[in-house]
Amino acid sequence: MIHVKVKAKDVRFTLPIPYAFLNMALSILCSKFFQQLAKKWTKKHFDREKLDFTFPLIDKKTLKPIVKELKNYKGLVLVDVKAKDGTEVKVRL
């Protein structure tokens, strides 16, 4: 389970994200349908700004073992960020 902890001036919450939910999100993000939609949604912006950028294809078979391996590192802090305004975000396995 991944724990996302956010502290701001008026807001403070912890969001637990189960690995099953993470796997479902990976499946959606790696699907051809979603990647075609992302390309379609961003194409107008990139054309307008004259940017030459293409989204790299995300392979589900490559990411699944990484997510599976993350389960072995319980307690590892992936992100620990503090902004000048006092906002803190911490992502822990």
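As the structure is a computational prediction, the values presented were derived from the model and not from experiment.
Here the closest non-hydrogen pair linking Tyr19 and Leu70 is OH-O, 3.7 Å. Taking each heavy atom of Gln35 and Leu29 in turn, the nearest pair found is NE2-O, 3.5 Å. The two atoms that bring Cys30 and Leu63 nearest to each other are SG-CD1, 4.1 Å, heavy atoms only.
Every residue two or more places apart in sequence or in another chain was checked for a side chain to side chain donor-acceptor pair (under 3.5 Å) with Gln36, and none qualifies. Scored by the side chain to side chain donor-acceptor pair (under 3.5 Å) test, Ser31 finds no partners at all (sequence neighbours excluded). Not a single side chain to side chain donor-acceptor pair (under 3.5 Å) links Asp47 to another residue, sequence neighbours left out.
The cluster map of Ile, Leu, Val, Met, Phe, Trp and Tyr, joined by side-chain heavy atoms under 4.5 Å apart, puts Val81 and Val11 in the same cluster. Linking Ile, Leu, Val, Met, Phe, Trp and Tyr whenever their side-chain heavy atoms come within less than 4.5 Å leaves Val77 and Leu15 in two separate clusters. Following chains of ILVMFWY side-chain contacts shorter than 4.5 Å, one cannot reach Met1 starting from Val79, and the two form parts of different hydrophobic clusters. Under the 4.5 Å side-chain heavy-atom criterion for grouping Ile, Leu, Val, Met, Phe, Trp and Tyr, Phe33 is connected to Trp41 within one hydrophobic cluster. Side-chain heavy atoms closer than 4.5 Å link hydrophobic residues (I, L, V, M, F, W, Y) into clusters, and following such links, possibly through other members, connects Leu93 to Ile17.
Atoms CG and OG1, on Leu37 and Thr42 in that order, are 10.5 Å from each other to the nearest 0.5 Å. In this structure, NZ on Lys7 lies 8.0 Å from NZ on Lys82, to the nearest 0.5 angstrom. Annotation: the span from Thr87 atom OG1 to Lys9 atom NZ amounts to 7.5 Å, rounded to 0.5 Å. The structure places CZ of Arg92 at 11.0 Å from CG of Asp80, a figure rounded to the nearest 0.5 Å. Going from atom CD1 of Ile2 over to atom NZ of Lys71 covers 10.5 Å, rounded to the nearest 0.5 Å. Going from atom NZ of Lys60 over to atom CD1 of Ile28 covers 10.0 Å, rounded to the nearest 0.5 Å.
With contacts defined as side-chain heavy-atom distances shorter than 4.5 Å, the pair Ser27/Lys64 qualifies. Between Ile66 and Glu69, every side-chain heavy-atom pair lies at or beyond the 4.5 Å cut-off.
Heavy atoms from other residues, nucleotides or ligands lying under 6.0 Å from CZ of Phe46 number more than 12.
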